[in-house]
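One structure follows; several queries about it will come next.
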Amino acid sequence: MHIGHLRNSVLGDTVARVFKWLGYSTEVCNYIDDTGVQVVDVVTALLYLDPPFFKEGASDFKSIWEKIPKDQPFDYFCWDLYARFQGEVEKDPSLKERREEILHQIEGEQPPVAIFAKDLATRIVQSHLETVAQLSIFYDLLNWESDIIHQGFWGATFEILKERGGLRFETEGPNKGCWVVPFGGIVETSDGVKSLDKILVRSNGSVTYTGKDIAYQLWKFGLLKKDFLYQTWGKQANGEELWTTDKDGQPRDRLLKQFGNADRVINVIDVRQSYPQEVVSECLRQMGFEKEAERSIHLAYEVVNLSPQAAHVLGSEETEEKRSVAMSGRSGTGVKAKDFIEMVKKKVVEKAGHPLEESVSNALASAAIRYYLLKFTLESQIVFDFDEALKTTGDTGVYLEYAHARACSILRKAEERKIIFHWGKEAVPAQLTETERDLMEVLSRFNSVVVRTGKNLRMSQLTEYAFNLATSFTNFYEHPDPGSDVQTPFIHLQDENLRTFRLSLVRAFQIVMGNMLRLMGMPTLERI
RNA sequence: GCGCCUGUAGCUCAGAUGGAUAGAGCUACGGACUUCUAAUCCGUAGGCCGGGGGUUCGAAUCCCUCCAGGCGCGCCA
C-alpha cells in the first residue's frame with residue numbers, strides 16, 4: 001500500500017464523513033481483489049522462489065509461513081517479494097508455468113492453495129487496515145472478489161444482461177467468441193484495428209474485471225437476486241464492528257443486518273478507471289436501471305506520482321527528463337503508506353522543540369497527512385515531494401490543529417481564572433473590529449460549505465475553508481484591535497461585555513473548527 | 001486517430017453557480033516572543049492567469065483554435 005492508495009482511502013473516508021454529517025445513512029465498502037495477479041504472484045513467489053519449496057500435494061504450509069520474517073510488516077515483505085518476483089519470472093520460464101497453475105487453483109477455489117491464498121490476502125488486508133486506522137479510516141464491510149465469484153453474482157448478472165439486451169455474442173471479428181457490450185464498434189487507430197466494445201466474457205468463458213464490477217454494482221443497489229454471506233471481522237478502533245463477506249458466513253437476514261440496497265453509490269476510484277466505470281453505468285442503463293445508472297457516481301481523482309527527486313531517492317532510474325514518475329508495484333518504486341506516516345511523525349517531533357506525547361505526535365501526523373491528501377483538487381495530480389509533503393508550517397493540517405488547540409487553551413485559561421461568560425446579544429459591541437467581523441463572517445459559512453461539498457464531492461473545499469477559518473481566528477487572536485498598539489489578551493479584558501463577546505467568539509471557533517476537523521477525519525487536540 | 005484532464009508568482013497550489021484592485025503557502029529579505037501557545041503574526045519583493053481569437057456591461061472562469069504536458073481507448077486487474 002503506497003501513498004496513492006492513501007489518497008483513495010482518505011478521500012473515500014472524508015466523503016463518508018460529510019454524508020453522515022448531512023444525515024445520510026452511509027455504508028463504506030472496501031473491495032478486496034483477492035483473485036487478481038498480485039495475489040497470484042505473491043503466492044507463487046512464496047511457494048516457489050526460495051527454499052523450502054512447496055511440495056505438490058502437500059497440505060501443510062507451516063514451513064512456508066516460517067519463511068516470513070518477523071521484523072517487518074507483512075505487507076512490506078509482500079511488496080518486496082512481488083517486485084522481486086517480476087524480475088525472476090522473466091528469467092525463469094518454469095516460474096511462469098507455476099504462476100499459471102496457481103492462478104487456476106485460486107480461480108477454481110481448489111484447496112489447499114486457494115485456502116493459502118485467502119489466508120495470505122487476509123493477512124495483507126489486516127496489515128492495510130492497521131495502516132489506514134492510524135489515519136482514522138474505518139470501513140463497514142469488506143467485499144471479497146472471490147465471494148462475488150463464489151456466490152454466482154456473475155451468472156445472475158449475465159442472465160439479466162442477456163434478457164434485457166445490451167449484450168452481444170461475437171461470431172466474427174477481433175472479439176470472436178466473446179460476450180461484449182456494444183460501445184462504439186470497430187475503429188481504426190494508429191496501432192491497428194481495434195474494437196471499442198467492452199468484453200465481459202472472454203472466449204475461454206472467464207469473466208473480465210468489468211463484468212464482475214457490473215455484478216458488484218448491481219449488488220450495491222440491491223438489484224441482484226444473489227447475496228453474499230457475512231461474518232464479523234472484528235471491532236475497529238472507532239468502536240464500530242467491521243463486517244466481511246465470507247463464503248462460510250451467515251445470510252444477512254439471519255444477522256439482522258442491512259448491506260447494500262443503496263439508492264446512491266459513490267465509487268472512489270482513480271481517473272484511469274473512467275472508461276470502465278462508464279461501461280458499468282452504461283450497462284445498468286441498458287439493463288433498464290436508468291435511475292441507478294444516474295446514481296452511479298464515479299468519484300474520479302488524479303493519481304499520486306513522484307517528483308523526480310523523490311523517485312531518485314527511492315532508487316528509480318527513469319527520472320531524467322520527466323516531471324513526475326509513476327509509482328509502480330512491479331518495480332517496487334513507491335512511497336509506502338506506513339513509511340510516510342512514520343516520516344511525518346518524526347518531522348513533527350523534530351519541529352516541536354519540546355517533548356511530545358506519542359498521542360499528540362500521532363494526531364499531528366495524521367492531520368498533516370490527511371490535509372495534504374485532501375487539499376488538492378480531484379483533477380490535480382499530486383506530484384509527491386518529500387519537502388512539500390513533510391511541511392508543518394503554513395497551509396497544513398498542523399496549522400489547523402494549532403489554531404484549534406490555541407482556542408482550547410484560551411478557554412481553559414479562562415476557566416482556571418474562574419471567568420464565567422454567557423453569550424448574549426448585549427455583549428455584542430456597537431462597533432465590531434475588522435478581525436472580529438471577519439471571523440464571524442467565516443464562521444457563518446460553515447453550513448453552506450459542508451452542504452456544497454456534499455453536492456459537488458470536492459473535498460478540497462473543506463481544507464480550503466478550514467484554512468481560511470483558522471487564519472481568521474489567528475488574525476483575530478493576534479490583532480483583536482487592529483491598528484491599536486496594544487492587543488489585550490481576552491482573559492485580561494476589563495470590559496466584561498467585550499470579554500464575554502470575544503471569549504464567545506473563541507468558543508464558537510473552537511466548536512466549528514472541531515466540527516471541521518472531525519469532518520476531515522482529523523483528531524481534535526486540546527493542547528500541543 | 002478518438003476521448004477525458006491539466007497549464008495561474010521562482011516553487012506547490014486555491015480561485016462553486018462569469019463580478020470590483022487575481023489569492024494563499026513555501027522560498028528570499030526586514031521586523032514582532034519575560035504572551036490567552038511564535039508550528040504564529042506584520043511588512044517588502046514577486047503575475048499578459050500557456051498563445052491567439054470570440055461571446056459579454058464585465059472572462060482565470062463560457063465558446064473556437066493553436067501550443068505544451070498527463071491519462072484512457074487490453075480476451076490486464
Side-chain angles (χ1 to χ4, degrees), chain A residues 33 35-40 145 170 174-180 183-184 187-191 194-196 198-210 212-213 270-276 278 300 302-303 305 307 322-324 326 347-348 351-354 364 368 372 375-383 385 387-389 391-396 398-403 405-414 416-417 419 448-449 452-453 455-456 458 460-461 463-465 467-468 470-471 474-475 477-480 482 487-493 502-503 506 527-528:
Chain A
D33 182 1
T35 59
V37 287
Q38 281 96 342
V39 172
V40 171
E145 185 171 294
E170 299 286 59
N175 296 336
K176 187 175 173 188
C178 301
W179 287 90
V180 305
F183 219 77
V187 149
E188 213 167 318
T189 72
S190 51
D191 36 63
K194 271 189 176 178
S195 167
L196 293 178
K198 194 74 193 170
I199 292 166
L200 298 187
V201 183
R202 304 183 185 100
S203 55
N204 69 4
S206 62
V207 187
T208 62
Y209 183 83
T210 307
K212 286 176 231 170
D213 215 16
D270 80 51
V271 69
R272 294 171 300 185
Q273 297 274 0
S274 293
Y275 176 63
E278 219 179 295
E302 261 292 355
V303 294
N305 283 339
S307 72
K322 281 218 166 182
R323 291 181 190 190
S324 66
K347 176 73 188 285
V348 156
K351 199 73 186 170
H354 60 95
L364 286 174
Y372 176 71
K375 76 174 198 177
F376 295 86
T377 54
L378 296 171
E379 299 82 6
S380 179
Q381 195 183 94
I382 299 180
V383 181
D385 187 77
D387 291 339
E388 191 69 29
K391 259 188 218 159
T392 59
T393 60
D395 187 14
T396 65
V398 175
Y399 182 82
L400 305 187
E401 292 290 349
Y402 204 81
R406 175 181 271 160
C408 291
S409 289
I410 294 170
L411 297 172
R412 192 171 51 239
K413 277 269 161 55
E416 281 166 15
R417 287 167 174 262
I419 298 173
S448 64
V449 168
R452 193 215 302 165
T453 307
K455 278 192 187 132
N456 62 23
R458 304 180 77 80
S460 57
Q461 295 184 344
T463 55
E464 192 195 355
Y465 173 73
F467 183 64
N468 285 335
T471 303
T474 308
N475 278 324
Y477 163 82
E478 295 271 359
H479 319 284
Q487 303 291 332
T488 313
F490 307 151
I491 57 172
H492 295 157
L493 284 168
R502 288 186 175 168
L503 286 174
V506 173
R527 60 173 80 197
I528 292 172

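Naming convention: chains lettered A, B, ... in sequence-line order (proteins, then strands); numbering from 1 in each chain.
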Both A:Ser380 and A:Ala405 contact RNA chain B. Which one's nearest nucleotide lies toward the 5' end? A:Ser380
Side chain of A:Arg202, heavy atoms from C-beta onward: which of B:C75, B:G69, B:U37 has the nearest atom to it? B:C75
Using a 4.5 Å cut-off on heavy atoms from C-beta on, say whether the side chain of A:Trp179 contacts that of A:Ile199. no
Using a cut-off of strictly less than 4.0 Å, decide whether A:Arg458 has a side-chain nitrogen or oxygen near OP1 or OP2 of B:A14. no
Rounding to a whole Å, what distance do you find between A:Asp270:CG and B:C5:P? 16 Å
Rounded to the Å, how far apart are A:Ile382 CD1 and B:G25 P? 20 Å
Select base, sugar-phosphate, or nothing to describe what A:Ala352 touches, counting heavy atoms under 4.0 Å on all strands. base
Going by heavy atoms in the side chains, are A:Phe490 and A:Val506 under 4.5 Å from each other? yes
Distance check needed: B:C11 P versus A:Lys391 NZ, whole Å only. 13 Å
Categorize A:Phe490 for me: base, sugar-phosphate, or nothing, with a 4.0 angstrom heavy-atom threshold over every strand shown. base
At 4.0 Å (heavy atoms only), tell me whether A:Lys347 reaches a base, stays on the sugar-phosphate, or touches nothing. nothing
Does A:Arg272 put a side-chain nitrogen or oxygen below 4.0 Å from OP1 or OP2 of B:G3? no
Where the side chain of A:Asn475 meets the backbone of A:Thr471, is there a donor-acceptor pair that is under 3.5 Å apart? yes
Exceeds 12 heavy-atom contacts within 6.0 angstrom, atom CZ of A:Arg412: yes
Comparing A:Asp395 with A:Val383, nearest RNA chain B nucleotide closer to 5' gives the residue A:Val383
From B:A39, B:A77, B:C36, pick the nucleotide closest to the side chain of A:Val398? B:A39
So what does A:Phe467 touch, heavy atoms closer than 4.0 Å: a base, only the sugar-phosphate, or nothing? sugar-phosphate
Whole angstrom is fine here: how far is it from CD in A:Glu278 over to P in B:C5? 11 Å
Any donor-acceptor pair under 3.5 Å joining the side chain of A:Gln273 to the base of B:A77? yes
Taking side chain as C-beta onward, heavy atoms only, is A:Thr208 less than 4.5 Å from A:Val201? no
What's the closest nucleotide to the side chain of A:Phe376 if the choices are B:U12, B:U40, B:C75? B:U12
Mind calculating the distance between OH (A:Tyr465) and P (B:G25) to the nearest angstrom? 18 Å
Whole angstroms only, please: what is the CZ-C1' distance between A:Arg417 and B:C36? 8 Å
Please work out if A:Leu364 contacts a base, only the sugar-phosphate, or nothing of the nucleic acid, heavy-atom cut-off 4.0 Å. base
Heavy atoms under 4.0 Å, any strand shown: does A:Asn456 hit a base, just sugar-phosphate, or nothing? nothing
Pair of N/O donor and acceptor under 3.5 Å linking B:C75 base with A:Ser203 side chain: yes
Grab the CG-C1' distance between A:Asp213 and B:A77 for me, whole Å please. 10 Å
For A:Tyr402 and B:A39, is the shortest distance between a side-chain N/O and OP1 or OP2 below 4.0 Å? yes
With a cut-off of less than 4.0 Å, is there a side-chain N or O of A:Thr377 near OP1 or OP2 of B:A14? yes
Polar side-chain atom of A:Thr453 near backbone of A:Val449 as donor-acceptor pair, under 3.5 Å: yes
Decide whether A:Gln38 and A:Asp33 meet the rule of one side-chain donor and one side-chain acceptor closer than 3.5 Å. no
Should A:Arg458 and A:Glu379 count as an ion pair when the cut-off is N to O under 4.0 Å? yes
Check the phosphate of B:U37 against A:Lys413, side-chain N and O only, distance under 4.0 Å to OP1 or OP2. Yes or no? yes
Heavy atoms under 4.0 Å, any strand shown: does A:Leu503 hit a base, just sugar-phosphate, or nothing? nothing
Working for side-chain hydrogen bond (donor to acceptor under 3.5 Å, both in side chains), residues A:Ser380 and A:Glu302: CA-CA 6 Å; A:Ser380 179; A:Glu302 261 292 355; over 6 Å; no
Flag the pair A:Thr474 / A:Tyr402 as yes when at least one side-chain heavy-atom distance between them is below 4.5 Å, and no otherwise. no
Just to be sure I understand the rule, does A:Thr393 reach a base, reach only the sugar-phosphate, or reach nothing, if contact means heavy atoms closer than 4.0 Å? sugar-phosphate
Secondary-structure notation, RNA chain B, from Watson-Crick and G-U pairs under 3.5 angstrom (| other strand): (((((((..((((.....[...)))).(((((.......))))).....(((((..]....))))))))))))....
Here the distance between atom P of B:C73 and atom CD1 of A:Ile199, to the nearest Å, is 13 Å
With the sugar-phosphate defined as primed atoms, P, OP1 and OP2, and the base as all remaining atoms, what B/S/- string results for nucleotides 41-46 of chain B, 5' to 3', for protein heavy atoms under 4.0 Å? SS----
